[in-house]
Amino acid sequence: MAGPGRPPAADPDVARWRAEHGAAVRDTVTDSGLPVRPLYGPGDLPADHPAGLGVPGAPPYTRGVYPTMYSGRRWSIRPLAGFGTAEDTNRRMRMLLAEGATAVNTVFDYPTNRGYDSDDAWGSADAGLGGVAVDSVGDMLALYDGVPLDRVSVSLVLSHPVAAGAVLAMYLAAAEQAGYDPASLSGTLQNDFMMETVVLTAPNTLAPRFSFRLAMDVVEYCARNLPRWHPVSFTGYNYREAGADAVLEVALVVANAVATIEEMRARGLAVDEVAGSLSAFFTAAGDFFEEAAKFRSARRVYHRELTGRFAPADPRSTRLRFHVQTAGSSLTAQQPLNNVARAALQGLSAVLGGAQSLHLCAYDEALCIPSEDAALTALRTQQILLAETGAARTIDPLAGSYFVESLTDEFDRRIGETLGKIDALGGIVAAVEQGWVHTEILDRAYRDVGDVDSGKRVVVGVNTADTGSAQSVGTFAVPETLPRQRARLDRWRRSRDAAAVARALRRLDACVASEGNTMPVLIDAARAGATLGECCQVFRDRHGGWQQPLS
């Protein structure tokens with residue numbers, strides 16, 4: 001591929017322009033360090049490029065995972081909702097569905113995500129503040145009251161394996177109580193062991209291999225019992241928010257998928273029994289063309305890696321389907337209304353890159369949980385992208401752009417190099433255990449902060465165009481949560497059969513010790529009335545206390 005430092009393009013007009021004007025302009029780089037020339041032409045593409053691009057719905061899926069893409073299936077409008085108690089979030093969720101959201105995206109609070117009950121000393125100060133507090137099947141019933149779970153896809157934004165399986169178990173038990181057949185339920189669980197061991201470590205963190213095992217228990221259970229459920233969504237978004245660049249974001253997702261399929265094969269499941277239910281969660285950050293190219297390249301790399309490593313019989317097994325959220329870390333508390341423009345442009349890059357599902361951050365998220373007005377503005381922005389911009393009228397509209405195709409190819413090359421490094425370390429679990437992933441993310445995070453502080457990377461309203469006057473927006477006050485949740489927990493514990501709960505927790509502990517699949521036992525514990533914290537404490541007692549290998 002031609003590019004900076006390589007011979008000029010063969011196109012005579014481009015070559016003439018470079019000869020006449022090349023000295024007056026300079027090459028630059030994207031936010032992730034990919035080289036960018038000031039002008040591209042046909043010679044910047046490989047000779048076999050038209051033949052290698054393909055069509056939507058066919059390998060290598062550069063142009064999209066479905067043949068008709070948005071012409072036949074719009075992306076899911078899946079805004080986040082989560083704060084306070086289950087009743088608080090249920091009202092927000094139902095409002096968003098009534099206003100045009102097509103799927104539910106539930107974010108859980110910090111104690112829930114880390115596997116603690118709301119009244120636990122480790123988490124009580126955060127109850128309900130960063131998402132909805134859920135401690136029991138009773139909470140889960142209240143959370144989705146009135147939501148038709150057999151018709152609405154539900155994303156459980158629950159990333160730590162210490163709690164992910166337990167929360168899914170409570171969701172399934174609640175759905176059963178509400179009269180739903182679990183096999184009819186569709187949705188996604190994040191369930192990513194790197195969130196627990198790299199990105200958002202909690203008190204008493206589980207060891208990586210055990211955290212990975214718990215995540216794989218969910219994948220295996222869903223592959224055998226829940227045909228419409230995505231049991232893992234590799235959280236590239238959160239790797240990026242922690243500091244990874246776009247190349248590392250995709251490489252970590254692909255490496256995680258490879259490890260998942262390898263583990264499932266070891267458990268007796270063929271690649272075609274598992275791969276179709278895997279999904280990813282990416283960010284859409286501020287470098288517009290880099291992000292669009294990243295999505296296109298991610299599909300191509302994913303197809304190539306899964307094909308080469310596992311030779312699936314079903315070509316659909318190598319399709320990378322993903323949800324996108326605009327970059328929360330790009331939002332600014334200064335001049336927060338600027339965030340409306342940021343989210344709109346980032347969302348457009350996801351649409352042009354072929355996302356299957358999208359959430360746009362609200363303009364006030366750098367300040368607070370989104371207010372209802374801010375959440376509606378983000379929802380309306382998605383509806384404008386779909387109805388008014390024309391972006392969905394044709395498939396892969398950036399295909400053939402000399403610049404975008406060149407970026408796509410450069411992503412392909414760099415992601416492949418990074419995957420080679422992870423393979424050399426022994427795979428993604430070993431790379432986490434050795435601290436390689438931590439170091440790579442921290443190095444990039446340090447560089448990015450320095451670039452903003454120095455002004456090398458411009459952030460409007462922060463290090464340029466800062467008027468010095470505050471831009472005032474109303475902030476959302478989360479309803480008082482802990483007293484209500486503590487009272488609910490007290491009632492729940494008094495009303496259940498304590499002996500049955502104790503038996504269920506002993507069975508869970510025995511299952512952990514015997515290395516059986518924990519999901520059936522977690523579901524039984526949820527049915528018996530065990531709380532989230534009680535189940536997760538079994539895991540911490542057996543395999544907690546891991547320290548990140550940071551030097």
Side-chain angles (χ1 to χ4, degrees), residues 31-32 75-82 103 105-108 110 113 130-131 155-161 164 187-201 215 230 232-257 260 278-288 290-299 301-302 320-331 339 342-343 345-351 353-362 365-366 370 378 382 411 415 428 437 440-441 444-445 448:
D31 284 351
S32 298
W75 68 85
S76 295
I77 298 176
R78 192 185 289 271
L80 281 170
N105 206 2
T106 312
V107 59
F108 296 88
Y110 305 118
N113 216 337
S155 176
L156 303 175
V157 184
L158 202 294
S159 51
H160 289 48
T188 303
L189 183 69
Q190 286 190 345
N191 188 36
D192 186 336
F193 89 104
M194 282 200 288
M195 285 293 292
E196 183 161 333
T197 55
V198 178
V199 177
L200 293 174
T201 56
H230 299 284
V232 61
S233 181
F234 308 111
T235 55
Y237 174 91
N238 297 89
Y239 314 155
R240 191 75 174 278
E241 290 285 287
D245 62 18
V247 172
L248 186 60
E249 174 190 7
V250 175
L252 292 177
V253 163
V254 176
N256 212 337
T260 296
L278 305 182
S279 64
F281 173 30
F282 288 123
T283 194
D287 195 328
F288 184 87
E290 175 176 81
E291 294 302 306
K294 176 192 75 179
F295 298 129
R296 301 174 80 249
S297 178
R299 285 191 294 268
V301 173
Y302 189 84
L320 176 62
R321 292 171 294 174
F322 53 85
H323 171 70
V324 173
Q325 179 175 333
T326 58
S329 60
S330 73
L331 304 178
N339 296 328
R342 291 188 176 100
L345 291 169
Q346 291 167 8
L348 181 59
S349 74
V351 170
Q356 278 61 69
S357 174
L358 181 61
H359 163 69
L360 265 61
C361 291
E365 285 189 48
Q382 281 214 57
F411 262 117
I415 295 166
I428 193 62
V437 176
E440 292 294 308
I441 289 177
R444 288 164 174 78
D448 288 348

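Everything quoted here is computed from the prediction, not taken from an experiment.
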**Student:** Taking the side chain as every heavy atom from C-beta outward, state whether Q190 and V232 have any pair of such atoms under 4.5 Å apart.
**Tutor:** no
**Student:** For E440, does its backbone N or O pair with a side-chain atom of R444 as donor and acceptor, under 3.5 Å?
**Tutor:** yes
**Student:** CG of L156 to CG of L189: how many Å apart, nearest 0.5 Å?
**Tutor:**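 Spacing of CG (L156) from CG (L189) equals 5.5 Å.
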**Student:** For T188 and H230, test the side chains for any donor-to-acceptor distance below 3.5 angstrom and give the result as yes or no.
**Tutor:** no
**Student:** Measure the spacing between CZ of F295 and OG of S349 and express it to the nearest 0.5 Å.
**Tutor:**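 Those atoms lie 5.0 Å apart.
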**Student:** Quick one: pull up CD in E249 and CZ in F411 and give me the separation to the nearest 0.5 Å.
**Tutor:**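 These two atoms lie 8.5 Å from each other.
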**Student:** Which residue in the set H323, Q382, Q356 passes side chain to side chain donor-acceptor pair (under 3.5 Å) when paired with W75?
**Tutor:** Q382
**Student:** Restricting to non-hydrogen atoms, name the atom on L200 and the atom on H160 that form the minimum distance, rounded to 0.1 Å.
**Tutor:** O-NE2, 2.6 Å
**Student:** Side chain to side chain contact (heavy atoms under 4.5 Å, CB included) for F282 and V250? Distances and angles first, verdict last.
**Tutor:** CA-CA 8 Å; F282 288 123; V250 175; 4.1 Å; yes
**Student:** Kindly compute the distance separating CG (D448) from CG (D31), expressed to the nearest 0.5 Å.
**Tutor:**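 D448 CG to D31 CG: 7.5 Å, rounded to 0.5 Å.
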**Student:** If you take all heavy atoms of A242 and V199, which pair is closest and at what distance?
**Tutor:** CB-CG1, 4.1 Å
**Student:** Taking T235's backbone N and O only, do any of them form a donor-acceptor pair with D192's side chain (distance below 3.5 Å, no angle check)?
**Tutor:**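 Yes.
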**Student:** For A355, what residues pass the side-chain contact (heavy atoms from CB on, under 4.5 Å) criterion, not counting sequence neighbours?
**Tutor:**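 Partners of A355 under the side-chain contact (heavy atoms from CB on, under 4.5 Å) test: Y70, F322, V324, A350.
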**Student:** Just jot down the side-chain hydrogen bond (donor to acceptor under 3.5 Å, both in side chains) partners of E291, sequence neighbours excluded, or say none.
**Tutor:** R240, K294
**Student:** If we count only N and O atoms by modelled type, under 3.5 Å, do the side chains of R342 and S330 hold a donor and an acceptor together?
**Tutor:**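 Result is no, nothing qualifies.
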**Student:** Give me the atom names and distance for the closest heavy-atom approach of A280 to L320.
**Tutor:**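 Taking every non-hydrogen atom into account, CB-CD1, 3.9 Å.
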**Student:** Please report the closest heavy-atom contact between E365 and P370, naming both atoms and the distance.
**Tutor:** CG-CG, 3.5 Å
**Student:** Would you tell me whether S32 and D245 have side-chain atoms, one donor and one acceptor, within less than 3.5 Å of each other?
**Tutor:** no
**Student:** If we ignore hydrogens and angles and just use 3.5 Å, is the side chain of N256 paired with the main-chain N or O of F234 as donor and acceptor?
**Tutor:** no
**Student:** Specify the closest pair of heavy atoms between V437 and V198, including all atoms of both residues, with the distance to one decimal.
**Tutor:** CG1-CG1, 4.0 Å
**Student:** Evaluate side chain to side chain contact (heavy atoms under 4.5 Å, CB included) for N113 paired with S159, printing each intermediate quantity in order.
**Tutor:** CA-CA 7 Å; N113 216 337; S159 51; 3.5 Å; yes
**Student:** Do you know which two heavy atoms are closest between S297 and I415, and how far apart they sit?
**Tutor:**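 Looking at all heavy atoms of both residues, the closest pair is OG-CD1, 3.9 Å.
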**Student:** Give a yes-or-no answer on whether the side chains of S155 and N105 include a donor-acceptor pair shorter than 3.5 Å.
**Tutor:**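 Looking only at side-chain atoms, N105 and S155 do form a donor-acceptor pair, the distance falling under 3.5 Å.
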**Student:** In chain order, what residues pass the side-chain contact (heavy atoms from CB on, under 4.5 Å) check against E241, with sequence neighbours excluded?
**Tutor:** Y237, T283, A327, S329
**Student:** Report yes if some heavy atom in the side chain of I428 is under 4.5 Å from a heavy atom in the side chain of L252; otherwise report no.
**Tutor:**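 Counting from C-beta outward, I428 and L252 do come under 4.5 Å.
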**Student:** Has the side chain of H359 got a donor or acceptor atom that lies under 3.5 Å from a matching backbone atom of Q325?
**Tutor:**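 No: the side chain of H359 does not pair with the backbone of Q325.
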**Student:** To the nearest 0.5 Å, how far apart are CG in L358 and CD1 in I77?
**Tutor:** 8.0 Å
